[in-house]
Amino acid sequence: MEPGDGLHWTVWISAANSWKKRKQIMLLTIDRVQKTYPGGRPVLRDVSLDLDQGQTLALTGESGSGKSTLLNLAAALDSFDGGEITLDGTRLSTLDDAGRARLRRNQVSLVFQQFNLIPSLNVAQNLSFHARLAGVEDTTWNSHLAERLGLSDLLGRFPENLSGGQQQRVAIGRAMAARPNLLLADEPTGNLDETASETVLDLMLSLVADTGAALLLVTHSQKIAGRLDRQVKLSGGRIQ
Amino acid sequence: MTWATVQALLSHWRVHRLQLATLLIGIALATGLWSAVQAINAEARASYARANAQLAVGQFDELRDPSGPIPMSRYVELRRAGWQVAAVLEGPYRVGGRTLRLMGVDMVAYPALPAVTEAEQSAEATEPADMLTAPGRLLASPELQPLLRGQTNLPPVLITSALPPDVILTDIGVAERLLNQPGAISRLVVLPNQPRDRLPLNQIAPELKRISPTTQVDTARLTDSFHLNLSAFGLLSFAVGLFIVNGTVGLAFAQRRGMIRTLRALGVSMRRLVWLILTELTVLALIGGSLGLLLGFFLAGALLPDVAATLRGLYGAPVTGQLTLQPKWVLAGLAMAVFGTLLASGHALWRLSNMPLLEGPGVQAWQSNSRARHITAALGLILVVGGAFAYISVGGLVAGFVLLAGLLTGAALLLPALLATALSALARTAREPVSQWVWSDMRAQLPGLSLALMALLLALAANIGVSTMVSSFRLTFVGWLDQRLTAELYVTARDEDQAREITTWLRPQVDAILPIRNVELFHETGPLFLYGVVDDPVYRQHWPLIASTYSVWDDVMAGNAVLINEQLARRASLWPGDELKLSSKHYLPIAGVYSDYGNPTGQAIVSMAQLDQIAPGAEMRRFGVRMPPEGATAMAQNVREQFALSPRVVVQQAAMKAQSRAIFEKTFVVTSALNVLTLGVAGFAILTSLLTLWTQRLPQIAPVWALGLNRAQLARLELLRSVLLAALTACLALPLGLVLAWVLLAVTNVQAFGWRLPMFLFPWDWLWLFVLTLLAALIAAALPALRMLRLPPADLLRVFANER
């Protein structure tokens, strides 16, 4: 990276932070959302919560409590049966399949426990893929991300040749390269050992803080949840 | 423990019913197409054997006169000298517009001819004396009954199934009358149990040549190449079917790895598992094979009439158009199904049996496939080079097939590497993220699709190769017909007197009359028909010579040279400058070689004067009439009315051409049908591969969907991907198909039929095939794309689920 690039991003990040501090905007509103899976089993019952721009929120709960389902609904990956979800002013219930795809492309980024990189693309291509889909690719920002995530030497490799921790760092890089308003992470450290988990979480939180994005993170771990601004616990499809 | 393991193994098929159906269909298609060809070949060979046995062909020594018919006096001398010989007179005989083979045997000398003894024992039995006394009897197959019924000029007909179709058997006395060859004998059959003290042949009849059964050109040997060609196509279809089996079994085994690991962990030995899986595969092969046999039987039944017509037209081979089910065929078909299934499953089973106990189900790592791809490509290259080396160093039909096998197998093995290279090159040109993903994803899909694409490559190459050969042949044949059929009318008179009357009547009204006279001689390579021609500009201008000396026609018309057909030239290795022996006294230099498509026998042409010298008394009943084409129809009608001739014996050029073209089209019905079926099987292979790969596709598609591509876009991309892979394969199939066409035209055709054809290119046909291929790929991909379009998000979300 050129020396000027570092300065450029420092200016950009501090500008974003000051903007975040000045104005707390409601980014995500989940209002009495209901979801029932085929077979009649209700997964979410009148769930409501808000998430402000730049805020981080941990969604905890036991297996089957509906955490991942709620995250999928917020990401416009699935549709709900009742209530409403509003993301940056857009009511998700009004969107068709193409509209939801557009929203995922332009507003939201996702990090999964299984990493879910595209196996046929190398690290550099995976890293820039979402940003290029959204039409916001910035090669300097990508280089900056690669360096911060420790991926600069791995750019030509393919996912199958990376460790779990490295793959998750690529997934975070892919998510952040698109400069999302909202980052949704489903057990992002669930497949990693303790050291790798710490590294990945540190990187994710620092990047979210630097870019001013909001973070909704699903986790089992109280230790991880404790590092986020807020915690919400789901149990039996309801917020406790 | 065994039963519990079997239940566990079989539970896989309960969950994957489509996979089971695909596997059984793959085995059935492979076995069906192969068995159909084998049934056709077996039926044809059985017909030859039956005909040869009934007519005692190829069983005893024969005596022939290389210069023509044997005179009756010679026969009498031989019999008096103690030789146990039976005279045979045979020749073509036209009844109701159809040319039959009339065979007259001296029934007094050879009453034990199998066909005759069998006929005598039949329900319609007659007194043996009836055969010998006037008016005699004709024996014919049931197929000829409608044709011979109501023919008033013929003796009573006895129908017997002991005779092949197209053959009429009678006493030699009746044959002499019907063929209008009194006192003539075509050959003498040397019967078994000859007296020891008889005079040697060279003292009684030095001009006669004794031919042993092994050197007699029989139908089975003449048609060997034709059947070999059919077998090669059957084998190709079998191989294409096995690609489906290989792909399905490979996927089934990959999906069962987890189960196998669990079973082993629970104490089932690998040896037991391998035996159980082998048994399971054998049972599946027997079920699929049985379905295939059923398919093959119906397919063969549908194709056999055309094959029979082809063999009769091309070789005069006696083949019935009906199929009988033979136990040997059933057993061979089932054995082939089991062999093919085990062959196609061998590699997957070997990998499974060598899998470490602790290895997980594993996701297909596509990068690590590049090494395997390189090894496969190297093997393919070795096969291509090996095939070419075999052909260059050995030559001949077998080497031609080795070349074809090496070329096709080698090219199929090279395909994944070539496609990967092409896709890499295309990926480098991609700028958009989606196109970049599409290209790289196509590369990632190659291992799973390569077998289906190999099948498609083989099917397309075979299609291009065979259609180029057939179309080249058609083009050449049509041109050749124009050259050969130069007269506007062809007339066959009842006898020579009527022929003279007609020519006298015609001569002032037409441009020229071209007599068609011929005599059957015998050459060491088989029967030789010698024709005489008059000097007419039409021959000099149009005769289709493929090799000639400078003064070819002057030499032939001066009686100093002979023309021979391509079949004789290739069979006897005789070319311009060589000498042809026509009789013990007549040797003539060869001045030219002409193409003579569709004729299985040797043919030679001399001047009319020369024909009279070599074979005096050759009948003159047929002739061509040259006249302005516009008056031909009226003239044909006039001739028929004037001389009370039927339309069948006064034929116009156009009708003859149409008839010849119809025979030509029939000749390639079988290969064309196999071609289309092979292409269909390849299309099915793509469909099954795409369907079986479907479950493996989700982990690749789901992240892209999550990142913002909707299902409609992904479905379109699925279609595009399949079509692009098929298009790339089709592009690679074109050069392979052209090489295949060249081998078929320059090697196998020459060996199989005795003629070589020029090769023409048909870009419009290729374009049509290309469009068909894309359409097939589109149809094959439509179902997976539709599934993609209708896929509930919940199924895609399962890919991301932590507890999956």
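Predicted model only: the values in this text are computed from it and were never measured. Just so we're on the same page: letters track the sequence lines, and every chain starts at 1. All values below were derived from every heavy atom in this structure, side-chain atoms included, with hydrogens, water molecules and symmetry-related copies excluded.
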Does atom CD of B/Glu432 have more than 12 heavy-atom neighbours, drawn from other residues, nucleotides or ligands, at distances under 6.0 Å?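 For B/Glu432, atom CD is not crowded (no more than 12 foreign heavy atoms under 6.0 Å).
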Verify the neighbour count for atom CG of A/Asp153: are there more than 12 heavy atoms of other residues, nucleotides or ligands below 6.0 Å? no
[atom1]/[X] to [atom2]/[Y] distance, rounded to the nearest 0.5 angstrom?
X        : Y        : atom1 : atom2 : result
A/Leu121 : B/Gln700 : CG    : CD    : 10.5 Å
B/Leu789 : A/Asp97  : CG    : CG    : 8.5 Å
A/Asn122 : B/Ser440 : CG    : OG    : 9.0 Å

Largest heavy-atom contact set with chain B, pairs under 4.5 Å, which of A/Leu110, A/Thr69, A/Leu77: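 So the answer, after comparing A/Leu110, A/Thr69, A/Leu77, is A/Leu77.
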Give the member of B/Ala706, B/Ala702, B/Ala427, B/Pro703 that has the highest number of heavy-atom pairs under 4.5 Å with chain A.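 Most pairs with chain A among the choices: B/Ala706.
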Go through B/Gln713, B/Met442, B/Arg711 and name the one with the most non-hydrogen pairs under 4.5 angstrom from chain A. B/Arg711
Ignoring hydrogens, what is the shortest heavy-atom contact between A/Leu133 and B/Leu707? Give both atom names and the distance.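 Result for this residue pair: CD1-O, 3.7 Å.
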Show the numbers, then the answer: is there a side-chain contact (heavy atoms from CB on, under 4.5 Å) between B/Gln436 and A/Arg132? CA-CA 11 Å; B/Gln436 207 169 43; A/Arg132 294 175 70 196; 2.5 Å; yes
With a 4.5 angstrom heavy-atom cut-off, which part of A/Glu137 approaches chain B: side chain, backbone, both or neither?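 For A/Glu137, no heavy atom lies under 4.5 Å from chain B.
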Is the backbone N or O of B/Trp705 less than 3.5 Å from a side-chain atom of A/Arg104, with the two atoms forming a donor-acceptor pair by type? yes
